[in-house]
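Accompanying notes for the structure given below.
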Amino acid sequence: MENNKNLIFLRGEFNPALVKFLKEALRLVNLKKEIVIRVNSHGGNVHSMNVMSAFLYYLIKYYKVVVKFEIEHIESAALMFAINFPIRIANPQSTGSIHLPVLRKDQHSYQNKEEEAISFISSRTKLTKFEVKKLNGTKLDSEKLYQFGIATEFVQDFL
């Protein structure tokens, strides 16, 4: 961890083990410094993403910490996780992809889930709902991440 920030690396699938890792990491942070979450994930479990978002929202609300996301690679639930928060930073090596929900055998309301995801992504980026749907599954380089508003800042290198 650098002197002016708490740096937490989130790598791999969003699942209960990653939730536990983030929970433990957040117990160790200095709440007087910003929290930087560097993400490299193809996504995973949406419930895990929601729980991790709740942890960070709690710290923002009650401790007034600043949370920033540094994007190495984000897809699916990892992209949704990052765009939950206002500060999302890309560098020239950053990549990502929009992946809308996948229909499971036990899922009856797939259309609603897809529409909710499209609306959410559109509301947090510069993309229209039509563009979100059209970009589903498309690999995005760092310039596109920034152009589309998935990343809100662009730097040459993460410090």
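Both backbone and side-chain heavy atoms feed into the values below; hydrogens, waters and symmetry mates do not.
In this structure, the separation between NE2 on His73 and CZ on Arg11 is 12.0 Å, given to the nearest 0.5 Å. In this structure, CG on Asn6 lies 7.5 Å from CG on Leu31, to the nearest 0.5 angstrom. In this structure, OG1 in Thr95 is found 9.0 Å from CG in Asp141, a value given to the nearest 0.5 Å. Taken to the nearest 0.5 Å, the NZ atom of Lys133 stands 11.0 Å off from the NZ atom of Lys129.
At a threshold of 4.5 Å between non-hydrogen side-chain atoms, the residues Leu100 and Val132 count as touching. In this structure the side chain of Phe148 reaches within 4.5 angstrom of the side chain of Leu135, judged on heavy atoms. Contact check for Ile98 versus Leu127: side-chain heavy atoms found under the 4.5 Å cut-off. Within the 4.5 Å cutoff, no side-chain heavy atoms of Ile87 are placed close to those of Val67. Arg124 places none of its side-chain heavy atoms less than 4.5 Å from the side chain of Met80. Residues Ile89 and Val36 fail the side-chain proximity criterion, which asks for heavy atoms closer than 4.5 Å. Within the 4.5 Å cutoff, side-chain heavy atoms of Met49 are placed close to those of Phe14. At least one side-chain heavy atom of Leu22 sits less than 4.5 Å from a side-chain heavy atom of Ile37.
Legend: side chain to side chain donor-acceptor pair (under 3.5 Å) pairs involving residues 81-93, not counting sequence neighbours, sorted by first then second residue: Ser53-Asn84, Asn91-Ser94. Residues in residues 48-69 take part in these ring-ring contact (aromatic ring centres under 6.0 Å, His included) pairs, two or more places apart or across chains: Tyr57-Phe85, Tyr58-Tyr62, Phe69-Phe81, Phe69-Phe85.
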Item to check | Stepwise side-chain contact (heavy atoms from CB on, under 4.5 Å) test for Val66 and Ile60 | outcome: CA-CA 7 Å; Val66 174; Ile60 292 167; over 6 Å; no
Next on the checklist: Walk me through whether Ile150 and Leu79 qualify under side-chain contact (heavy atoms from CB on, under 4.5 Å).
Outcome noted: CA-CA 8 Å; Ile150 294 166; Leu79 184 138; 4.0 Å; yes
Next on the checklist: As a quick check of understanding, evaluate side-chain contact (heavy atoms from CB on, under 4.5 Å) for Ile118 and Asn136, giving each step before the final call.
Outcome noted: CA-CA 10 Å; Ile118 291 168; Asn136 185 31; over 6 Å; no
Item to check | Test log, rule side-chain contact (heavy atoms from CB on, under 4.5 Å), inputs Ile83 and Phe120 | outcome: CA-CA 9 Å; Ile83 66 173; Phe120 180 75; 3.6 Å; yes
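Pairing each heavy atom of Gly137 with each of Ser97, the nearest pair is C-OG, 3.7 Å. Minimum interatomic distance between Ser76 and Gly43 (heavy atoms only, all atoms of both residues): CB-CA, 4.1 Å. Here the closest non-hydrogen pair linking Ala77 and Gly44 is CB-O, 3.7 Å.
Asn40 pairs by the side chain to side chain donor-acceptor pair (under 3.5 Å) definition with Glu72, not counting sequence neighbours. Under the salt bridge (charged side-chain N to carboxylate O under 4.0 Å, His left out) criterion, Glu34 pairs with Lys68, not counting sequence neighbours. Listed by chain and number, the residues in a ring pair (Phe, Tyr, Trp, His ring centres under 6.0 Å) with His47 amount to none (sequence neighbours excluded).
Applying the 6.0 Å contact sphere to CD of Glu143 captures no more than 12 heavy atoms from other residues, nucleotides or ligands.
Ion pairing between a basic and an acidic side chain is recognised when a charged N comes within 4.0 Å of a carboxylate O; Glu131 and Lys134 show no such pairing.
Grouping the Ile, Leu, Val, Met, Phe, Trp and Tyr side chains by contacts below 4.5 angstrom, directly or via other members, places Leu10 apart from Phe158. Both Phe21 and Val39 belong to a common hydrophobic cluster when Ile, Leu, Val, Met, Phe, Trp and Tyr are linked at side-chain heavy-atom distances under 4.5 angstrom.
Residue Phe154 belongs to a hydrophobic cluster whose other members are Tyr146, with links defined by side-chain heavy atoms closer than 4.5 Å.
Side-chain contact annotation: Ser119 with Glu116, donor-acceptor N/O pair under 3.5 Å absent.
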